[in-house]
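Residue numbers start from 1 in every chain, and the chains themselves are labelled A, B, ... in the order their sequence lines are given, proteins ahead of strands.
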There are 2 protein chains.
Amino acid sequence: MEINGDRKPETARQYHVSIDCAIFHFDTDGLKVLLVNNEKENWGLPSHWISEGETIESTSNQILKKYIRVEVFYIKQLEAFNSSSQYSPSDNITIGYYVLVKKDNLYLENHLQSLEVQWWKIDEALHLNYKHRTILDYSLKELRRCICQSAIGFNLLPEKFTLLQAMQLYEEILGIEINKSNFRRKFFKMGLVSGLDEKQEDVSHRAAKFYKFNLENYKKLEQGRFNLRF
Amino acid sequence: MEINGDRKPETARQYHVSIDCAIFHFDTDGLKVLLVNNEKENWGLPSHWISEGETIESTSNQILKKYIRVEVFYIKQLEAFNSSSQYSPSDNITIGYYVLVKKDNLYLENHLQSLEVQWWKIDEALHLNYKHRTILDYSLKELRRCICQSAIGFNLLPEKFTLLQAMQLYEEILGIEINKSNFRRKFFKMGLVSGLDEKQEDVSHRAAKFYKFNLENYKKLEQGRFNLRF
DNA sequence: CCAAAAGTGTTTTACATACACCCATGG
DNA sequence: CCATGGGTGTATGTAAAACACTTTTGG
């Protein structure tokens, strides 16, 4: 057994490695995850094996380029674990990622129709295999944990959003009800958002103001100690 | 390129995988990390290649069994990344872990003397190579983040501890000063600790009461929304 | 009696929570 | 004129922060 050495022992084992991504976006229907229909008529998370000449990062980028293409996303590694399947009995490692995408990229909608790919509501994305179910569950757990400790939630909102959209995002992800007036106060006081000179159009009620995420203020918010606590 | 398939393409690349652990404990001198002196006279994190017949988990367990041996620890995976070195130019993946160990395992002290192994104060554990430096920094970042959102801090304290010990742990890891009276009130009100019928002995000042972590109360503390916010 | 740490109590301030209410707009 | 969501204001309770103070013990 080799300790802390760079030299590999003869017994070192070799693995094939796959990258599996849980890609989320948020629209009026709520939180959704991107699933791919494979040749066996099963829906699963987008997944690639790492090929010769590629790395972990380049492979995850390939997946994103293929399905999302846009540059505006948030990506975070979840966990590496041993995996096996019918075709590749055991010598595998899977690295899971979760990815957040803004919904205002129309490209997505048009592009995806051509592929065997679809956005699924979270609670309808069942019948995944065990591996993908595990990654999806872990993603959601992380999303719930991180959304209050950082500003990653804004990666799921359009560039311009209303406060109701933001509030509903937090409500759905955290599974709680939030008081409208308190939500506003908190966001304003923290300086998380700044108002734009633009309003909704063609809505059958009072038009809401659009806001954008205020990155400059967020950076000042003594990073690391940031907490929204709903 | 294979999408979401179990079948591996011919081009799938193979990797050797190493497990590197940042193992921490906390004593009167503060937070310390376990370093191993390898054959090239460099200090680094304990590390093993995954061998034939082994898995990610079994290999990390081997490392812990070798250096820590005790069962009482907390272990969490950090990240998998491509790595290379002088001896193994590129086809590697490293999976980092961080581990918290209670300091009241005397075994450690006696055992480690026989190995080329030593506890280093965090701020003195320099001259690590880039890979290990990265893992150590990431570990500390995670530790700082998680110590307020969960009770993992107690994994660094002895079974029986005084409130000053607990407070100093939080102070060192967070790099802040905490008010003694407010710290007590918070821990008591949350029911995080319960007092024992035991006191310090042989101290040259008023003996402090010993406390233990109250797991039952912690479980009731609506998990996931737990926050200490110092 | 001094030092050093244990341990208690009080006051001020901030903020989360809850709730009531008015405003604008399309149907 | 009403339903729907936008947006404002206020009262209340809880908890964080700051601090002043007493207690215990060994030297």
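Donor-acceptor pairing under 3.5 Å, judged by distance alone, is absent between the side chain of B:N182 and the base of D:dA15. The base of C:dG7 does not come close enough to the side chain of B:S181 for any donor and acceptor atom to sit less than 3.5 Å apart.
Nucleotide C:dA6 holds its C1' atom 13 Å from the CZ atom of B:F210, rounded to whole Å. One can place CD of A:E177 at 14 Å from P of D:dG5, the figure rounded to the nearest angstrom. Look at CD on B:Q168: it is 13 Å from C1' on C:dA4, rounded to the nearest Å. One atom, NZ of B:K199, and another, P of D:dG26, lie 11 Å apart when rounded to the nearest Å. Rounded to a whole Å, the CZ atom of B:F183 is 16 Å from the P atom of D:dA18. We find that CG of A:N179 is positioned 11 Å from C1' of C:dA20, with the value rounded to whole Å. Atoms CD (A:Q165) and P (D:dG5) sit 13 Å apart, rounded to a whole Å. Here the C1' atom of nucleotide C:dC15 and the CZ atom of A:R185 are 9 Å apart, to the nearest Å.
Toward the 5' end of DNA chain C, the nearer of the two residues A:V203 and B:F188, judged by each one's closest nucleotide, is B:F188.
The pair A:D29-A:K121 does not count as a salt bridge, with every side-chain nitrogen at least 4.0 angstrom from each carboxylate oxygen.
Between B:K180 and C:dG7, a side-chain N or O to OP1/OP2 separation shorter than 4.0 Å is absent. OP1 or OP2 of D:dG7 has at least one side-chain nitrogen or oxygen of A:R184 nearer than 4.0 Å. Regarding contacts with the backbone of C:dC15, a side-chain N or O of A:K189 is found under 4.0 angstrom from either OP1 or OP2.
More than 12 heavy atoms of other residues, nucleotides or ligands shown are found within 6.0 angstrom of NZ on A:K212. For A:E216, the CD atom counts as densely surrounded, since its 6.0 Å shell holds more than 12 non-hydrogen atoms of other residues, nucleotides or ligands.
Under the 6.0 Å cut-off for aromatic ring centres, A:Y211 and A:F187 do not qualify, their centroids lying 6.0 Å or more apart. The aromatic ring centres of A:W43 and A:H127 sit 6.0 Å or more apart.
Residue contacts shown for B:L163 are absent, as no nucleic acid heavy atom lies under 4.0 Å away.
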